[in-house]
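Worksheet: one structure, shown below.
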2 protein chains.
Amino acid sequence: MQGVKTQHWFCFFKHVSLSTTFYHTMNNTIDQEELHKIFPQFEEPLLKEILSQSTVKHLDEGDEAMRSGQYIKSTILLLNGLLKVYREDDEGNEFLMYYLEPGNACAMSMMCSARNEKSQILAKAVNSAEVLLIPTHLSEELLKKYNTWHNFVIASYRARFEELLQTLDSIAFKGLDERLLFYLKRHVKVSGKEIRLSHQQIAYELNSSREVISRLLKKLEQTGAIRLHRNYIEVHNLNILD
Amino acid sequence: MQGVKTQHWFCFFKHVSLSTTFYHTMNNTIDQEELHKIFPQFEEPLLKEILSQSTVKHLDEGDEAMRSGQYIKSTILLLNGLLKVYREDDEGNEFLMYYLEPGNACAMSMMCSARNEKSQILAKAVNSAEVLLIPTHLSEELLKKYNTWHNFVIASYRARFEELLQTLDSIAFKGLDERLLFYLKRHVKVSGKEIRLSHQQIAYELNSSREVISRLLKKLEQTGAIRLHRNYIEVHNLNILD
DNA sequence: CACAGAGTGTGACAACAGTCACAGTAACAC
DNA sequence: GTGTTACTGTGACTGTTGTCACACTCTGTG
């Protein structure tokens with residue numbers, strides 16, 4: 001099992017970028033106007049303060065924005081691209097908790113950096129992505145100074161908590177078939193109806209095995225909800241069975 | 001199944017209080033000194049502000065501090081007693097997410113009240129308990145005014161998030177045997193080595209069935225980790241298998 | 001073209017957890 | 001005491017998921 005996973009690891013993002021090929025600035029800077037587009041709720045002085053003290057970090061496909069056990073010293077905001085956030089156990093198993101989209105903040109980074117503690121999760125870039133790193137001390141200052149920022153932080157906590165609860169629901173109460181459906185729906189929401197993943201990759205993110213996922217996908221195809229191809233799934237209508 | 005659960009529901013807290021019979025003030029007030037003992041990190045002016053505008057609510061065994069779908073208009077702090085926090089699905093299944101102990105805050109209540117949204121979880125009093133209800137507007141004020149309060153809120157978010165992640169781990173990665181062990185350990189931590197629960201009640205909190213739990217407990221007894229009695233489990237050493 | 005490697009399909013089997021039926025036992029009311 | 005009820009134990013069975021073995025297909029490479 002571990003062998004399969006390791007093998008899988010290296011090819012994991014091979015096909016993901018084929019469909020999501022939007023381009024972005026390769027230089028590690030961002031101007032106020034761009035930032036405003038991503039965070040329209042932030043007022044000008046807040047944007048200025050953020051820009052003056054933060055750094056932009058570029059992530060390539062598959063790069064880890066934060067990993068288990070790592071000390072976090074910044075609040076992480078996603079500028080563009082897509083991050084997948086995983087939970088992993090001691091044996092190297094992982095499963096997907098939720099996605100982060102542009103304009104989202106990583107709740108764990110806020111919590112960890114505020115208390116100078118270790119990360120408990122793993123965040124990986126699906127495609128090329130850029131994150132904004134806001135040093136802890138600034139983030140703390142902003143909290144007192146800007147209501148907007150404070151609300152943003154609280155909202156982020158809540159949003160992530162709720163997504164986590166949804167994931168928990170699907171694991172605790174649902175069979176693998178429904179979990180797969182939930183997974184596909186979420187994938188469609190962030191990446192569109194062409195899912196360019198192998199069955200192995202999906203199995204991996206659901207902490208299951210390829211054969212089982214293949215069988216369930218086959219069943220789904222028979223309902224007409226999806227169409228299977230090599231390395232890619234065409235989604236027609238996932239709400240058929242609701 | 002539903003029938004069993006309903007039946008079970010009414011007798012759920014029957015035996016819980018036998019072992020945990022500490023007593024507390026029955027009048028719905030609390031003075032500054034008491035509050036300081038529970039929240040030693042809060043400075044005097046903060047305690048005074050909290051006391052001046054908050055109310056104490058008494059909960060009897062089994063009362064719900066918050067339930068799914070309810071609008072939350074206060075931040076909930078636990079003064080004494082013990083709360084169990086559950087997640088429930090649409091079919092009435094529930095499982096235990098974590099406990100709240102005196103000095104803890106309900107993270108969901110903070111998030112919900114701040115945004116005037118509905119609760120997504122269910123919190124029940126294990127034994128008699130008292131909670132402090134802090135109106136939303138005060139909680140918001142305190143956030144800007146007191147660093148201590150702000151840190152407390154952030155710490156609460158983080159603590160609850162981490163406990164949730166632990167629960168998630170045990171569901172996602174572990175078999176029922178290990179989940180049971182995890183459940184028992186946590187129970188011992190908050191309520192001591194005499195677990196006054198029926199197998200049915202445990203099954204319910206793990207979203208499993210009585211027979212399965214009985215079997216697993218039997219196996220555990222054979223290792224010497226526990227000793228089974230009617231309506232109560234005597235814990236010897238749960239770390240034997242680690 | 002042949003070949004290698006990744007991806008997919010499939011049948012057989014094992015393990016685990018949930019369900020059912022029923023028996024036995026402790027606690028309690030009468 | 002009897003009877004009732006809740007709690008516990010147990011064997012048989014089922015369904016779902018994970019595992020293994022292997023065949024087949026697609027794609028890219030030399």
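Predicted model only: the values in this text are computed from it and were never measured. By convention in this document, chain letters (A, B, ...) are assigned in the order of the sequence lines, proteins followed by strands, and residues within each chain are numbered from 1.
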* Counterpart residues, side-chain hydrogen bond (donor to acceptor under 3.5 Å, both in side chains), relative to Tyr99(A) (two or more places apart) -> none
* Asked: Between atom CD1 in Ile171(B) and atom P in dA17(C), what is the gap in whole Å?
  -> 13 Å
* Taking CD1 from Ile213(A) and P from dT17(D), how many angstroms apart are they, rounded to a whole number? -> 9 Å
* Determine: side-chain N/O of Ser209(A) to OP1/OP2 of dT17(D), distance under 4.0 Å, yes or no. => no
* Structure fact -> Rounded to whole Å, CZ of Arg196(A) lies from C1' of dA6(C) at a distance of 16 Å
* Structure fact -> Ile195(A) CD1 to dT8(C) P, in whole Å, measures 13 Å
* Arg179(B) versus Thr167(B), side-chain donor and acceptor atoms under 3.5 Å -> no
* **Test side-chain hydrogen bond (donor to acceptor under 3.5 Å, both in side chains) applied to Tyr183(A) - qualifying residues, sequence neighbours left out** => Glu205(A)
* Asked: Is Asp169(B) salt-bridged to Lys174(B), going by a charged N under 4.0 Å from an acidic O?
  -> no
* Not counting sequence neighbours, list each pair that qualifies as a side-chain hydrogen bond (donor to acceptor under 3.5 Å, both in side chains) and has a residue in residues 101-112 of chain B. => none
* Structure fact -> Rounded to whole Å, CG of Leu206(A) lies from C1' of dT17(D) at a distance of 13 Å
* Rounded to whole angstroms, how far apart are CD1 on Ile233(A) and P on dT8(C)? -> 8 Å
* **Any residue meeting side-chain hydrogen bond (donor to acceptor under 3.5 Å, both in side chains) with Ser68(A), in chain and number order, not counting sequence neighbours** => Glu88(A)
* Please list, by residue number, the residues of residues 175-184 of chain B whose heavy atoms come closer than 4.0 Å to an atom of DNA chain C; answer none if no residue qualifies. => Gly175(B), Leu176(B)
Give every donor-acceptor pair under 3.5 Å between a side-chain atom in residues 213-220 of chain B and any protein atom, sequence neighbours left out.
unit_1	atom_1	unit_2	atom_2	d
Ser214(B)	OG	His199(B)	ND1	2.8
Ser214(B)	OG	Arg210(B)	O	3.4
Lys218(B)	NZ	Glu221(B)	OE1	3.2

* Structure fact -> Residue pairs passing the ring-ring contact (aromatic ring centres under 6.0 Å, His included) test with at least one member in residues 222-242 of chain B, sequence neighbours excluded, are His229(B)-Tyr232(B)
Would you tabulate the nitrogen or oxygen pairs shorter than 3.5 Å linking the protein to nucleotides 8-15 of chain D?
unit_1	atom_1	unit_2	atom_2	d
dT8(D)	OP1	Asn231(B)	N	2.9
dT8(D)	OP2	His199(B)	N	2.8
dG9(D)	OP1	Lys218(B)	NZ	3.0
dG9(D)	N7	Arg210(B)	NH1	3.2
dG9(D)	O6	Arg210(B)	NH2	2.8

* Whole angstrom value for the distance that separates P of dA17(C) from CG of Asn93(B) -> 17 Å
* To do: Output all residues satisfying side-chain contact (heavy atoms from CB on, under 4.5 Å) with Ala105(A), sequence neighbours left out; order by chain, then residue number.
  => Leu77(A), Met110(A), Phe152(A), Ser156(A)
